[in-house]
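The structure appears below as structure tokens.
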Amino acid sequence: MRDILLLQDKLHAIVTDFGWEWPAKAILEHPRDAKHGDLATNLAMVLTKQAGMPPRQLADKLAAELAARMHGEVSAEIAGPGFLNITFSPAFWQESVRDVETEGAHFGASRTGNGRKILLEFVSANPTGPLHIGHGRGAAVGDSMARLLRFAGYEVTTEYYTNDAGRQMRLLGVSVYLRMRELCGLPVDWPEDYYHGDYIRDIAQEMLTQNPALPGMPEDEAREACYQYAMNSIMDGIKQDLSTFRVSHQNWFSEKSLVDAGKVEATLEDLKNRNLAYEKDGALWFATTRFGDDKDRVLRKSDGLLTYFSSDIAYHANKFQRGYEELIDVLGADHHGYVPRMKAAISAMNHDPDKDFSVTLIQLVNLLRGGEQVAMSTRSGEFVTLAEVLNEVGVDAARFMFLSRKSDSPLDFDLELVKQRSLDNPVYYVQYAHARISALLRRAADKGLALPSRSDSALLSRLVQSEDVALLRAVERFRDTVEEGAAARAAHGVSFYLMDLAGRLHSYYANIPVLAGEDRELIVARLALLRAVRQVLANGLDLLGVSAPDTM
RNA sequence: GCGCUCGUAGCUCAGUUGGAUAGAGCGACAGCCUCCUAAGCUGUAGGCCGCAGGUUCGAUUCCUGCCGGGCGCACCA
């Protein structure tokens, strides 16, 4: 980050001073391999025509100029057909340690989000049963995205949307009601569709204990009571599970409240008034094809009932009305067919469907145990709940696993592997790095080595060995990771960064006996470096919602 | 059939505005603890980046077609 900004600046000045135009195609990138230097640019190559000299000669000229202007802070080397490999002096990287010491838990944070107001909606599972592992993945992804975006300077509000107005909820009420009748030994005529899970029976039993007269009440009344009770009970369970998973939503938004307030009808009226909705075959249609959808979509069915789509439109319109500039929905990937019509709706609200709205799709989680598939289905009631999974493998391991993959690729979640404390399960690798540094710092304190809270440049100037510099560079790279992750609206890059940083730390630890030797100043300088690494590990883990233990 | 998406080492995956000799872990093989936590480290082997074209100085990346996997195509939720 600092390296790119600085170099961008210098090179721009040089190019301008030479009377050339800064080319759009110029790149500045981190070489994959340290042996090529810290940064590379193809500037010489793309300037060849303008400058009227061959790339090699031009690269020479740029390198010399750069070195002269930066007083030995950098050295540049020519490679390939006109690439310039630039290496910063160790002093440049040592500054990063001071930045970490100054900024602490905020190191890596930025203001690029510029306070943009984002509403991030995630999980939003219907309260018809406990959360399962797929919801867990959405929860981890959404929560970490919120943390990351806030860290990058966005103003994020998280929200859980409850579909508490539709058919599924009626079904829930019926299921509990019938189960209760069954428990009383009354005859039960089971419909085709109802919820089977044990939790339904538990809820029915609870209600019965509290109010034994319930099955004798008029059916409508009893069902309504069942529905209310069941929903509240299940919502409480969901909130409990999310809280265990370290996920918190700021808002809980009810679909029913939207319907009751007439917002959905108002939205439909608005669409009709603007000639975007029309009646056909007794149903009300939204002309989404005008905004690029495959076909028009139904808003109100011919039986008079509203579709979920219509309340979703009202809901999203409501989000914008509340002042949010950008909406992010985290959805199961099986909803991807839903994205074009929602984008159409966003366009109809006069918002940019690409900039002001995005959908993060969460692919399926294959729950395995020792390589064997574990069946899951809410309806049939055979499933492993999120709570059970967390209880078995722990929150840290589960969150890290969910976040160590792009969210839109399917994920095998093998309970045996995630439980294992091995490299198949990198969360321990990263946490171990943090714990190792803590152990080292404790040991140093025991030996009476005093570590200043702020290191000065003279002290840090001792960090010049290639191992030291490699670690310094890795610390600085955290800022880029945050920027890139926030720009992509995805947190999994942080996991990969942490695994890389932890790897470098373990390697460093194995190769450099930090506390050995007589050179106290060097020891202290290295401890300062490691303390900075530990801070960055902690900051990164916090973005993932994973703990950073001091001992393991 | 139409649409979306993915195809990178034996396995699981990184690689986002097109850049150099494509990376990591696991697994395999060979090493490293009288020494700061071996939950660790070092090294070796392993690649037509699905296939074929196109765009250009340059393509794993962009475009087209094909092959293969996943998902979606209701007046469902």
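Labels below follow one simple rule: chain letters A, B, ... track the order of the sequence lines, proteins then strands, and each chain is numbered from 1. What you see is a predicted model, and the numbers here were worked out from it, not measured in a lab.
- Scanning atom types as modelled, one donor and one acceptor separated by under 3.5 angstrom connect the side chain of A:His336 and the base of B:C71.
- Atom OH of A:Tyr195 and atom CD1 of A:Ile200 lie 8.0 Å apart (nearest 0.5 Å).
- Counting heavy atoms from C-beta on, the side chains of A:Leu515 and A:Leu449 come closer than 4.5 Å.
- Look at CD on A:Glu467: it is 20 Å from P on B:G40, rounded to the nearest Å.
- Nearest to the side chain of A:Ser507, among B:C4, B:G15, B:U42, sits B:U42.
- We find that CG of A:Leu505 is positioned 12 Å from C1' of B:C36, with the value rounded to whole Å.
- Note: CD (A:Gln363) to C1' (B:C6) measures 9 Å, nearest angstrom.
- If you check B:C75, B:A14, B:A39 against the side chain of A:Tyr428, the one that comes closest is B:A39.
- Each of A:Tyr509 and A:Lys406 has a nearest nucleotide on RNA chain B; the 5'-most of these lies closest to A:Lys406.
- With rounding to whole Å, A:Asn366 atom CG is found 12 Å from B:U12 atom P.
- Ring geometry for A:His335 versus A:Tyr338: interplanar angle over 60°, hence perpendicular rather than tilted (30 to 60°).
- Put simply, the side chain of A:Asn85 and the base of B:A20 share a donor and an acceptor less than 3.5 Å apart.
- Using a 4.0 Å heavy-atom cutoff across all strands shown, A:Pro410 reaches sugar-phosphate atoms only and no base atom.
- Out of B:A14, B:C73, B:C36, the shortest distance to the side chain of A:His492 is found at B:A14.
- Residue A:Tyr308 is in base contact, counting any heavy-atom pair closer than 4.0 Å across all strands shown.
- Comparing A:Arg442 and A:His335 by the nucleotide of RNA chain B whose heavy atom lies nearest to each, the residue mapping closer to the 5' end is A:Arg442.
- Counting non-hydrogen atoms under 4.0 angstrom, A:Ala435 reaches a base of the nucleic acid.
- At the heavy-atom level, A:Ile512 lies under 4.0 Å from base atoms of the strands shown.
- At the heavy-atom level, A:Asp294 lies nowhere under 4.0 Å from the strands shown.
- A straight line from CG of A:Leu498 to C1' of B:G25 spans 15 Å, rounded to a whole angstrom.
- Distances were taken from every side-chain heavy atom of A:Ala283 (C-beta onward) to each of B:C75, B:C41, B:C36; the shortest belongs to B:C75.
- As judged by a 4.0 angstrom heavy-atom cut-off over every strand, A:Thr551 is placed among the base-contacting residues.
- The shortest distance between the side-chain N/O atoms of A:Lys301 and the OP1/OP2 oxygens of B:C76 is below 4.0 Å.
- With B:C36, B:A14, B:A77 as the candidates, the nucleotide lying closest to the side chain of A:Phe496 is B:A14.
- Note on A:Asp408: nothing from the nucleic acid sits closer than 4.0 angstrom, heavy atoms only.
- By the 30° and 60° cut-offs, the orientation of the rings of A:Tyr160 relative to A:Trp252 is parallel.
- Remark: the A:Asn163 side chain and the A:Glu255 side chain contain an N/O donor-acceptor pair separated by less than 3.5 Å.
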